[in-house]
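So you know, we letter chains A, B, ... as the sequences are listed, proteins then strands, and number each from 1.
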Amino acid sequence: MKNSNTKSAALSALSQCSATNPNLTSLFTKYVDKTSVSSWNSVIADLARNGDSLEALRAFSSMRKLSLVPNRSTFPCAIKSCSALFDLHSGRQAHQQAFVFGLQSDLFVSSALIDMYSKCGYLVDARTLFDEIPQRNVVSWTIMFTGYVQNGLSHDALILFKDFLKEESETEGEKEAGIDSVALVSVLSACSRVSGKGITEGLHGFIVKRGFQGDTRVGNTLMDAYAKCGEVGASRKVFDEMDEKDVISWNSMIAVYAQVGKSAEAMELFFALVRDKNVHYNSVTLSAVLLACAHSGALQVGKCLHNQAMKMGLQETVYIGTSVVDMYCKCGRIEAAKRAFNQMKEKNVKSWSAMVAGYGANGLAKEALDVFCCMNSSGVKPNYITFVSVLAACSHAGMLDEGKYWFSAMENRFGIEPGVEHYGCMIDLLGRAGRLGEAYNLIKKMKVKPDFVIWGSLLAACRMHRNVELGEISARKLFELDPKNCGYYVLLSNIYADAGRWDDVERMRLLMKNRGLMKPPGFSLVEIKGRVHVFLVGDMEHPEHERIHAYMEKLYVELEEAGYMPNMTSVLHDVNEEEKGMSIRVHSEKLAVAFGLMNSVPGAAIQVIKNLRICGDCHTMIKLISKIRKREIVVRDSKRFHHFKDGCCSCKDYW
DNA sequence: TTAGGGTTAG
């Protein structure tokens, strides 16, 4: 009796201690009854539960050294620790031992093994074991669903789910079968990865029929699944109809909005969450809202969130740190990004890539390459995305030799096969350097199918260097790949116009008219006092549009006195000079800059975000404004940043 | 007395 009390006291001490101090070795040797298997089981389970998998495996190994016989409760915990560590070697050893002790076909043991194999990427072994289980329950099915999903085979997970339903209907009334909420979450996460609207809707119906629609976690995953197949409205409906929303419900919905670029909705929902006294937001929430700030250039809100993260002691963590860095980069505040980056205690490949991309997009290619070199010497391996950032940095600065060097090193030294994004950067670099033939040859040699970005870069380069022949080839491809995008028709038309081929210009105009194509409307965003204002080209909707247009008239007089001449080369040639002048005067970035000038104190910097690329005339004009009004103006277009100061731009007129 | 799931950054 006394002995058992001591033991339970020891175990309770161990269990309390493990929450704060995972290193239990000393306590272990001191208290635990080393001859009792159940003591060891408790210790291993406790360690595994607290995430100290390495210590759990050590305990398992110590136990074996004492020649104690592990039982059906020992193995699942030990194997779970192998899964958590992705330690296939120890996992296989545990498997062998379980086999020796005749426990391989125990449902709990085999389930843990299936999970271990699939987490280590050995899905075939996992499936073999799964097929050998005489009587599967919903947990073993769920492990197998999740195994497929986590190994990128979500479609197979859905096929398996059909098998499950079949078996469930055959064994109706028996306890083992029967779907539960965990299994549904797993299947829904497969749906979200195959992006099938029909499947998601079907499963939604099933969820309602089986009475799981009130389950918060099922609802959370359903929202995500709808969003991933493009049904953001359906996600919101699920969110609104949820009886109980937890922080993950809010985070999921905010993240959905942030990821699809609905920044205003993401922020609105975040403010609603802040008002909701029942749920406290966390680092995941901040990460998602920071993404919304990055997209919409909401620097003021972004700064507040950064402050909040610091108050919560999160700014040094990888997720938040990277989100903050990305936000500052995308808001054009590279110095602030650098400070946040330097403060991060731990940096992973995404943090480094964000910084490389940030420098590149802000025209600081040398700094981008320096950071990239630091990354290499710090031992973090670059990945596919890192090289997109590196090559994009070279392309933004026209650094052809460096671009070529890293493009070849990427494959030869780092073993990363180039994808369309990498080729896109190279075509852009070669094309703009006037090496059109070389660019075309590279396209012909590509291992992946060239997409519209590739041909679009070549077409733009053909316009720049007046190459009709290659321009026609590129445009023909583009009309097939992306027939509704009128930008290509305009570019080709401009190429013809430059060559004086007016019949072809007319042919293009008719083609566009017959196909009913319209130029996508350009819009710009500017943040004033924490509120983001949207301007469309020729905007008459903004409540202050009359004041803005009056202000612009005055501005034009000043600009013309300073030598401004409208430059209309980027306007379609078929409109007359006067119309061209009018439409170019109301480009959204001009309106946004004017609004920024009107609503900020002299000397304050202005920041504008644009959905399309900036046109030559706006570029010239904003340079001049920065000089005559002594303002720093930052414009982020769809490709990069332009920092205007004292009549110059950071892109050095290369974009 | 042991096995399964949902939200975040490049």
- Does the cation-pi check pass for A:Lys119 over A:Phe86, that is, NZ or CZ under 6.0 Å from the six-membered ring centre and within 45° of its axis? no
Atom OH of A:Tyr281 and atom P of B:dT8 are separated, to the nearest Å, by 19 Å
For A:Ser181, which contact category applies under a 4.0 Å heavy-atom criterion: base, sugar-phosphate, or nothing? base
Between CG of A:Leu103 and P of B:dT2 the distance, given in whole Å, is 16 Å
task: Please check the phosphate of B:dA9 (OP1 and OP2 only) for any side-chain N or O of A:Ser353 closer than 4.0 Å.
output: no
So, is A:Gln259 near the phosphate of B:dT8, with a side-chain N or O under 4.0 Å from OP1 or OP2?
yes
Next on the checklist: Please tell me if A:Lys119 has a side-chain N or O lying less than 4.0 Å from either OP1 or OP2 of B:dA3.
Outcome noted: no
Considering only heavy side-chain atoms of A:Ser252, the closest of B:dT7, B:dG5, B:dA3 is B:dT7
| message | Could you check whether any side-chain N or O of A:Ser195 sits under 3.5 Å from a backbone N or O of A:Cys191, counting only pairs where one atom can act as donor and the other as acceptor? | response | no
Between OH of A:Tyr117 and P of B:dG4 the distance, given in whole Å, is 17 Å
Inset, instruction - Identify whether any heavy atom of A:Leu291 sits under 4.0 Å from a base atom; if not, whether one sits that close to sugar-phosphate; answer base, sugar-phosphate or nothing. - result: sugar-phosphate
To the nearest angstrom, the CG-P distance between A:Leu314 and B:dT7 comes to 19 Å
Check every strand shown and say whether A:Thr142 touches a base, only sugar-phosphate, or nothing at a heavy-atom separation below 4.0 Å. base
Q. Can you find a donor-acceptor pair, distance only, under 3.5 Å between A:Ser111 side chain and B:dA3 base?
A. yes
Closest of B:dG5, B:dG10, B:dT1 to the A:Thr386 side chain is B:dG10
Expected list for residues 331-343 of chain A: side-chain donor-acceptor pairs under 3.5 angstrom, two or more places apart:
| unit_1 | atom_1 | unit_2 | atom_2 | d |
| --- | --- | --- | --- | --- |
| A:Arg333 | NH1 | A:Gln607 | OE1 | 3.0 |
| A:Asn342 | ND2 | A:Lys338 | O | 3.3 |

A:Lys330 has its side chain closest, among B:dG4, B:dG10, B:dT2, to B:dG10
So, does A:Ser90 use its side chain to make a donor-acceptor pair with the main chain of A:Asp87 at under 3.5 Å?
-> no
ask   = Quick one: does NZ or CZ of A:Arg92 land under 6.0 Å from the six-membered ring centre of A:Tyr122, within 45 degrees of the ring axis?
value = yes
Separation of B:dG4 atom P from A:Leu113 atom CG, nearest Å, is 12 Å
Assign A:Val325 to base, sugar-phosphate, or nothing according to its heavy-atom contacts below 4.0 angstrom with the strands shown.
nothing
Just call it for A:Asp246: base, sugar-phosphate, or nothing, with non-hydrogen atoms closer than 4.0 Å on any strand. base
Considering only heavy side-chain atoms of A:Val182, the closest of B:dG10, B:dT8, B:dG4 is B:dG4
Query - Test item: A:Ser287 side-chain N/O and A:Val284 main-chain N/O as donor-acceptor pair under 3.5 Å - result: no
Regarding the side chain of A:Val284, the nearest nucleotide among B:dT7, B:dG10, B:dT2 is B:dT7
Out of B:dT1, B:dA9, B:dT7, minimum distance to the side chain of A:Ser42 belongs to B:dT1
task: Give a yes or no on whether the backbone of A:Ile79 and the side-chain of A:His95 come within a donor-acceptor separation of less than 3.5 Å.
output: no
Side-chain contact check for A:Ile143: nearest option of B:dA3, B:dG10, B:dA9 is B:dA3
Here the gap from A:Leu160 atom CG to A:Thr142 atom OG1, rounded to the nearest 0.5 Å, amounts to 10.0 Å
* A:Ala255 near the nucleic acid: base, sugar-phosphate alone, or nothing, with a heavy-atom cut-off under 4.0 Å? -> sugar-phosphate
Of the candidates B:dG5, B:dT7, B:dA3, the side chain of A:Lys80 sits closest to B:dA3
Query raised in the report: Would you say the side-chain atoms of A:Ser263 pair up with the backbone N or O of A:Ala292, donor to acceptor, closer than 3.5 Å?
Result: yes
Report yes or no: is there a donor-acceptor pair, N or O only, under 3.5 Å between the side chain of A:Asp180 and the base of B:dG5? no
Could you verify whether a donor N or O on one side chain and an acceptor N or O on the other, from A:Asp125 and A:Thr128, lie under 3.5 Å apart?
no
Separation of B:dT8 atom P from A:Met223 atom CE, nearest Å, is 10 Å
What residues 362-385 of chain A contributes to the DNA chain B interface at heavy-atom separation below 4.0 Å is A:Asn383, A:Ile385
Which of B:dT2, B:dG5, B:dG4 is nearest the side chain of A:Gln150? It is B:dG5
Separation of B:dT2 atom P from A:Asp46 atom CG, nearest Å, is 11 Å
Name the nucleic acid region contacted by A:Asn348, choosing base, sugar-phosphate or nothing; use a 4.0 angstrom heavy-atom cut-off, strictly under.
base
Considering only heavy side-chain atoms of A:Pro76, the closest of B:dT2, B:dG5, B:dA9 is B:dT2
note: A:Ile44, atom CD1; B:dA3, atom C1'; distance rounded to Å ~ 15 Å
Requested in this report: Give A:Val187 one of three labels, base, sugar-phosphate or nothing, depending on what nucleic acid heavy atoms sit under 4.0 Å from its own.
Outcome: nothing
Counting distance alone, no hydrogens or angles: does the base of B:dG5 have a donor or acceptor under 3.5 Å from a partner atom on the side chain of A:Ser186? no
- Query: Checking all strands, does A:Ala294 fall into the base, sugar-phosphate, or nothing category for heavy-atom contacts under 4.0 angstrom?
  - Reply: nothing
